[in-house]
> 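Sharing a structure here in structure tokens format.
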Amino acid sequence: MKNKDFIVSQFEKENINAPDSLSEENIKARLEQGTSVNNIVKVNKNKKRVLKPLAAVAACIAIVITSVVSGNAIRQSRIDKAIAKSEKDGLVYFTSYDELENFSDKLYSKPERGFNMFGVVTKDLYEKSVSNESAADAADGAESHSTTYTQIEDVDEADIIKTDGEYIYFIDTSESTLVIYSAKDGMCVLASKTFNDSSVLNYRELYLNGDRLYILGTESKYNKKKYTTTYNTIVKAYDVSDRTKIRELDTFKQSGEYSTSRMVGDSIYVVSTTYATSKRFVPCCTDEDGELQKIPAKDICAFKDCTEPDYAVIGAIDTKNGLSRNKKVRAVMGGANEVFCTTENIYIACTTYTDSHEVTGIVKYKLSGATSLKQVATGNVRGSVNNQFSFDEKDGYLRVATTVNNDINKLFVLDEKLDLVGSVGGYAKGEHIEAVKYIGDKAYVITYETTDPLFIIDLSNPRDPKITGKVKIDGFSTNLVPVGEDKLMGIGYSTESTEWGEATNGVKIVLFDISNDNKPRVLDTKVYSGATSPAQEDHKAIMQNREEGYLAIPIVIDNYEDEEVYDDAEEGEVYDEPAYYGESGKALVFTEKDGKIKVLKEYKSDNSIDRIVYIGNHLYAVDTTAESIESFTLGK
């Protein structure tokens with residue numbers, strides 16, 4: 001290199017040996033770290049001795065820096081052009097880790113990186129979406145029993161509790177413990193309790209498939225030298241053919257904290273989220289030997305306009321042939337706000353926020369075969385989604401309900417290529433979506449600001465959706481459950497006006513009549529003031545017995561008692577202040593009859609209640625943290 005030779009000659013002219021720190025390689029490395037010229041040439045304490053040589057080579061250093069920067073600019077320009085060629089429909093695809101690193105570098109080098117609060121999947125997606133919570137076929141003598149309330153039929157969702165009609169399996173998430181009870185005729189006997197002996201592993205949810213049980217959670221490891229914590233999502237497989245002595249079979253890991261998952265047949269699709277700690281970060285997963293390996297660059301893509309180096313990692317696991325042996329793993333930079341899954345496709349959605357607008361990007365993967373994850377389409381819609389129920393798929397069309405700038409509500413229809421074919425919007429201006437339920441060619445949308453409007457949208461013509469009717473009620477529903485052929489049960493919040501504005505103050509159940517698309521009606525309501533329910537935010541806390549036609553949800557009651565308290569003022573004023581002394585629970589079982597909400601049972605417990613399951617004619621109220629189960633029936 002001519003510039004380098006020139007500098008060396010200048011040092012020799014001054015009888016100075018050129019320091020190693022001025023080598024081309026070291027200068028490049030220092031420039032990448034933001035090192036200044038003063039750090040490249042070390043100044044001697046005897047200033048008179050080094051002043052002249054420094055003056056002689058200052059221009060030479062500038063030439064080297066200019067040369068290196070120019071070279072980096074040319075290299076960056078080439079990579080930018082290569083990435084631009086790899087961009088399609090709002091996604092950037094990579095063929096090497098260098099391209100991935102340079103794309104990440106753009107995010108890290110921004111002067112002010114906006115904080116994307118939705119870059120991680122937090123909250124911790126039909127005609128047949130009423131529920132999977134139906135009576136299962138009796139097998140091996142097991143009684144009819146509940147299954148997890150899910151969005152899509154034949155697409156299971158992990159939860160903290162499962163039952164097979166003979167045993168109840170649940171996770172005590174506070175202790176990361178698996179607990180198994182034998183349950184028959186309302187009598188429960190502890191079968192086994194498996195402690196997690198790792199302090200860095202946090203159990204979150206589980207699946208049950210015959211005599212195989214799968215636990216999903218997050219492993220965290222702290223690096224003392226780097227002062228950083230790394231997270232891996234873990235799937236553990238267990239043989240539970242002997243419920244009194246379960247046996248671990250296999251383990252699979254992938255980068256990031258556990259977010260959500262789905263199970264279709266014998267395949268588990270697990271989604272984790274991870275933040276790139278440096279521009280060189282690459283998500284990993286376990287290989288056949290159980291060791292972590294980088295995901296190939298060709299299996300990683302990025303939302304073109306993502307503002308944070310978050311990753312959504314999607315792993316497809318074949319539970320029949322070893323968790324790590326037959327698997328496919330993909331990663332999307334930009335993260336995932338929500339995941340929607342059918343028996344044929346899985347969608348990853350990421351919302352990008354700017355000062356002027358919100359856009360939700362969507363990546364569609366085809367599920368064919370035990371572990372296939374073939375990316376088949378990408379698209380985007382304006383606005384942000386509320387949760388997985390904002391999505392639906394029917395006859396090849398994807399329907400997406402969004403709220404734009406927390407002010408305008410829209411519903412989009414996309415074709416199989418995720419191209420926009422139809423939309424409707426402008427309803428409930430100034431409000432935001434709280435719940436969506438799709439049933440056949442209809443969408444039922446709940447919005448909220450001060451009241452609870454239910455809108456009916458006709459989707460029979462995908463290219464011309466129409467709002468057909470609406471009805472308002474105080475409060476708002478967060479989950480909508482079809483009951484019968486022409487009614488919806490809304491589960492959500494009651495509200496009240498306060499000096500600080502509208503506030504929630506209890507659990508509210510609403511029965512809607514949707515038999516007339518143009519004039520939906522409110523038939524009945526029930527309010528439990530001062531209470532909350534896991535079912536208000538988590539649909540899996542809803543239990544539905546479709547065979548008997550009833551629903552059940554846990555109710556949590558905060559218990560207070562009045563006591564006299566003296567304040568610290570000189571006047572010695574005495575006032576009453578409620579003293580909190582713990583939670584109690586209630587299992588609320590209800591149905592619809594003759595246009596009314598009929599309560600079948602209010603089972604009270606001194607413990608909190610997280611979930612309710614049924615086996616045969618008996619219902620079981622489970623407090624997972626206290627590891628207790630109480631049974632009751634609907635009779636007196």
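These values consider heavy atoms only, across backbone and side chains, with no hydrogens, waters or symmetry-generated copies.
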> Is there a side-chain contact between Glu338 and Phe391 in this structure, where contact means two heavy atoms from C-beta onward sitting under 4.5 Å apart?
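Yes, side chains in contact.
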> Verify the distance criterion only: is there a donor paired with an acceptor across the side chains of Tyr203 and Glu175 at less than 3.5 Å?
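Judged by distance alone, the side chains do not pair up.
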> Mind listing the closest non-hydrogen atom pair of Thr478 and Ala535 along with its distance?
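Minimum heavy-atom separation between Thr478 and Ala535: OG1-O, 4.5 Å.
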> By salt bridge (Lys or Arg N to Asp or Glu O under 4.0 Å), which residues pair with Arg243, not counting sequence neighbours?
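By the salt bridge (Lys or Arg N to Asp or Glu O under 4.0 Å) rule, Arg243 matches Asp164, Asp211.
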> Quick one: do Arg325 and Asp289 make a salt bridge, cutoff under 4.0 Å?
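Not counted as a salt bridge, because no side-chain N and carboxylate O are separated by less than 4.0 Å.
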> Within a 6.0 Å radius of atom CG on Asp287, are there more than 12 heavy atoms belonging to other residues, nucleotides or ligands?
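Yes.
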> At what distance, to the nearest 0.5 angstrom, does CD1 of Ile555 lie from OG of Ser605?
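Reported value, rounded in 0.5 Å steps: 13.5 Å.
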> Rounded to the nearest 0.5 Å, how far does CG of Asn102 lie from CG of Asp105?
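Reported value, rounded in 0.5 Å steps: 6.0 Å.
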> Going by distance alone, is a donor N or O of one side chain under 3.5 Å from an acceptor N or O of the other, for Asp305 and Thr352?
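No, Thr352 and Asp305 have no side-chain donor paired with an acceptor closer than 3.5 Å.
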> Does the Thr342 side chain pair with the main chain of Glu344, one donor and one acceptor, at a distance under 3.5 Å?
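Checking the backbone N and O of Glu344 against the side chain of Thr342, a donor-acceptor pair under 3.5 Å is found.
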> Roughly how far apart are Ser631 OG and Lys184 NZ, rounded to 0.5 Å?
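Reported to 0.5 Å precision, the distance equals 13.5 Å.
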> Check whether the side chains of Thr360 and Thr351 place a donor and an acceptor atom closer than 3.5 Å, and report yes or no.
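There is such a pair (donor and acceptor under 3.5 Å, judged by atom type) between the side chains of Thr360 and Thr351.
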> Run the side-chain hydrogen bond (donor to acceptor under 3.5 Å, both in side chains) test on Ser324 and Thr286 for me, step by step, so that the C-alpha distance in whole Å, both residues' side-chain angles and the decisive distance to 0.1 Å come before the verdict.
CA-CA 6 Å; Ser324 297; Thr286 48; 3.1 Å; yes
> In Å, rounded to the nearest 0.5 Å, how long is the span from CD of Gln544 to OH of Tyr614?
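It is 9.0 Å, given to the nearest 0.5 Å.
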> With distance as the sole criterion, is a donor-acceptor pair present between the side chains of Ser372 and Lys366 under 3.5 Å?
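Their side chains do not contain a donor-acceptor pair, so the 3.5 Å distance test is not met.
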> Would you mind reporting whether Val271 and Val313 have side-chain heavy atoms less than 4.5 Å apart?
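When only atoms from C-beta onward are counted, Val271 and Val313 do not touch, as no gap falls below 4.5 Å.
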> Identify the heavy atoms of Tyr169 and Thr163 that sit nearest to each other, and give their distance.
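Shortest heavy-atom separation between Tyr169 and Thr163 comes out as CD1-CA, 4.4 Å.
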> Using the side chain to side chain contact (heavy atoms under 4.5 Å, CB included) definition, which of the options Ile168, Ile553, Asp159 pairs with Arg611?
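The single option meeting the side chain to side chain contact (heavy atoms under 4.5 Å, CB included) with Arg611 is Asp159.
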> Hey, are the side chains of Leu551 and Met489 touching, using non-hydrogen atoms and a 4.5 Å cut-off?
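Counting from C-beta outward, Leu551 and Met489 do come under 4.5 Å.
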> To the closest 0.5 Å, what do you measure between CD (Glu166) and NE2 (His145)?
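NE2 of His145 is found 9.0 Å from CD of Glu166.
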> So, Thr532 and Gln536: side-chain donor and acceptor under 3.5 Å apart, yes or no?
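Side-chain D/A pair, Thr532 to Gln536: absent.
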> Are the side chains of Glu630 and Tyr603 in touch, meaning some heavy atoms are under 4.5 Å apart?
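A side-chain contact under 4.5 Å exists here.
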> Under the side chain to side chain contact (heavy atoms under 4.5 Å, CB included) test, which residues partner Thr230, sequence neighbours left out?
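In terms of side chain to side chain contact (heavy atoms under 4.5 Å, CB included), with neighbours along the sequence ignored, Thr230 is linked to Lys221.
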> Describe, in one word, how the ring planes of Phe103 and Phe94 are oriented to each other, choosing from parallel (under 30°), tilted (30 to 60°) and perpendicular (over 60°).
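The rings of Phe103 and Phe94 stand perpendicular, inter-plane angle above 60°.
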> If you measure only the distance, is there a donor-acceptor pair under 3.5 Å linking the side chains of Glu393 and Tyr347?
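Side chains of Glu393 and Tyr347: pair found under 3.5 Å.
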> For the residue pair Ser261 and Leu216, establish whether any side-chain heavy-atom pair is separated by less than 4.5 Å.
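The answer is yes; the side chains approach within 4.5 Å.
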> Is it true that Glu627 and Lys193 make a salt bridge, defined as a side-chain N closer than 4.0 Å to a carboxylate O?
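Result for this pair is yes, salt bridge flagged.
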> Does the side chain of Tyr214 reach to within under 4.5 Å of the side chain of Ile268, using non-hydrogen atoms?
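Contact flag for Tyr214/Ile268 side chains = yes.
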> For Tyr238 and Leu249: C-alpha separation, side-chain torsions, deciding distance, then whether side-chain contact (heavy atoms from CB on, under 4.5 Å) applies.
CA-CA 5 Å; Tyr238 293 90; Leu249 299 174; 5.8 Å; no
> Would you say that Val385 contacts Glu358 through its side chain, given a criterion of any heavy-atom pair below 4.5 Å between the two side chains?
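No, side chains not in contact.
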> Short question: side chain of Asp172, backbone of Thr177 - any donor-acceptor pair under 3.5 Å?
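Side chain of Asp172 to backbone of Thr177: no pair is present.
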> Which atom names give the shortest non-hydrogen contact between Thr624 and Ile171, and what distance separates them?
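For Thr624 and Ile171, the tightest heavy-atom pair comes out as CB-O, 3.6 Å.
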> Check the pair Asn607 / Ser628 against side-chain hydrogen bond (donor to acceptor under 3.5 Å, both in side chains), numbers first and verdict last.
CA-CA 8 Å; Asn607 295 317; Ser628 70; 3.2 Å; yes
> I'd like to know if the side chain of Ser267 reaches the main chain of Asp318, judged simply by a donor and an acceptor atom lying under 3.5 Å from each other, with no hydrogens or angles considered.
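Checked: no pair found.
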> Any idea which heavy atoms bring Glu548 and Asn545 closest together, and the distance?
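Taking every non-hydrogen atom into account, N-OD1, 2.9 Å.
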> Does the pair Asp239/Arg212 count as a salt bridge with the N-to-O cut at 4.0 Å?
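Between Arg212 and Asp239 there is a salt bridge, with a charged N closer than 4.0 Å to a carboxylate O.
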> What closest approach, in Å, do Ile348 and Gly335 show between heavy atoms, and which atom pair accounts for it?
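Nearest heavy atoms, Ile348 then Gly335: CG2-O, 4.2 Å.
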> Inspect the surroundings of NZ in Lys304 and state if more than 12 heavy atoms from other residues, nucleotides or ligands are less than 6.0 Å away.
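No, the 6.0 Å shell around NZ holds no more than 12 heavy atoms from other groups.
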> Take atom CD of Glu416 as the centre, draw a 6.0 Å sphere, and report whether it contains more than 12 heavy atoms from other residues, nucleotides or ligands.
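No, because the 6.0 Å sphere around CD of Glu416 holds 12 heavy atoms or fewer from other groups.
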> Do any N or O atoms from the side chain of Glu101 and from the backbone of Tyr97 form a donor-acceptor pair under 3.5 angstrom?
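No, Glu101 side chain to Tyr97 backbone: no donor-acceptor pair under 3.5 Å.
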> Donor-acceptor pair, Tyr207 side chain versus Ile215 backbone, under 3.5 Å?
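It does not hold such a pair.
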> Side chains of Val282 and Leu100, heavy atoms from C-beta outward: is any pair under 4.5 Å?
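A side-chain contact under 4.5 Å exists here.
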> Fit a plane to each ring of Phe389 and His539, take the angle between them on a 0 to 90° scale, and name the class: parallel (under 30°), tilted (30 to 60°) or perpendicular (over 60°).
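The rings of Phe389 and His539 stand perpendicular, inter-plane angle above 60°.
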> Got a sec, which residues hit side chain to side chain donor-acceptor pair (under 3.5 Å) with Thr319, two or more places apart in sequence or on another chain?
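Testing Thr319 for side chain to side chain donor-acceptor pair (under 3.5 Å), a comparison that skips the adjacent residues, returns none.
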> What are the two closest heavy atoms between Leu206 and Ile160, and how far apart are they?
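Taking every non-hydrogen atom into account, CD2-O, 4.1 Å.
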> Without hydrogens or angle criteria, can the side chains of Ser272 and Tyr311 be said to hold a donor-acceptor pair below 3.5 Å?
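Tyr311 and Ser272 do not have a side-chain donor-acceptor pair below 3.5 Å.
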> Any sub-3.5 Å donor-acceptor pair from Asn202's side-chain atoms to Thr218's backbone N or O?
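No.
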> By the definition side chain to side chain contact (heavy atoms under 4.5 Å, CB included), identify the one residue from Val264, Ile346, Leu367 that meets it with Val155.
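Only one option passes, and that is Val264.
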> Whether the Thr251 and Glu248 side chains hold a donor-acceptor pair (N or O, under 3.5 Å, no angle test) is what I'd like checked.
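There is such a pair (donor and acceptor under 3.5 Å, judged by atom type) between the side chains of Thr251 and Glu248.
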> Please determine, by modelled atom types, if Tyr258 and Glu219 share a side-chain donor-acceptor pair under 3.5 angstrom.
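Note: Tyr258 and Glu219 side chains miss the donor-acceptor criterion.
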> Find the distance between SG (Cys285) and CG (Asp299) and round it off to the nearest 0.5 Å.
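One gets 9.0 Å once the value is rounded to the nearest 0.5 Å.
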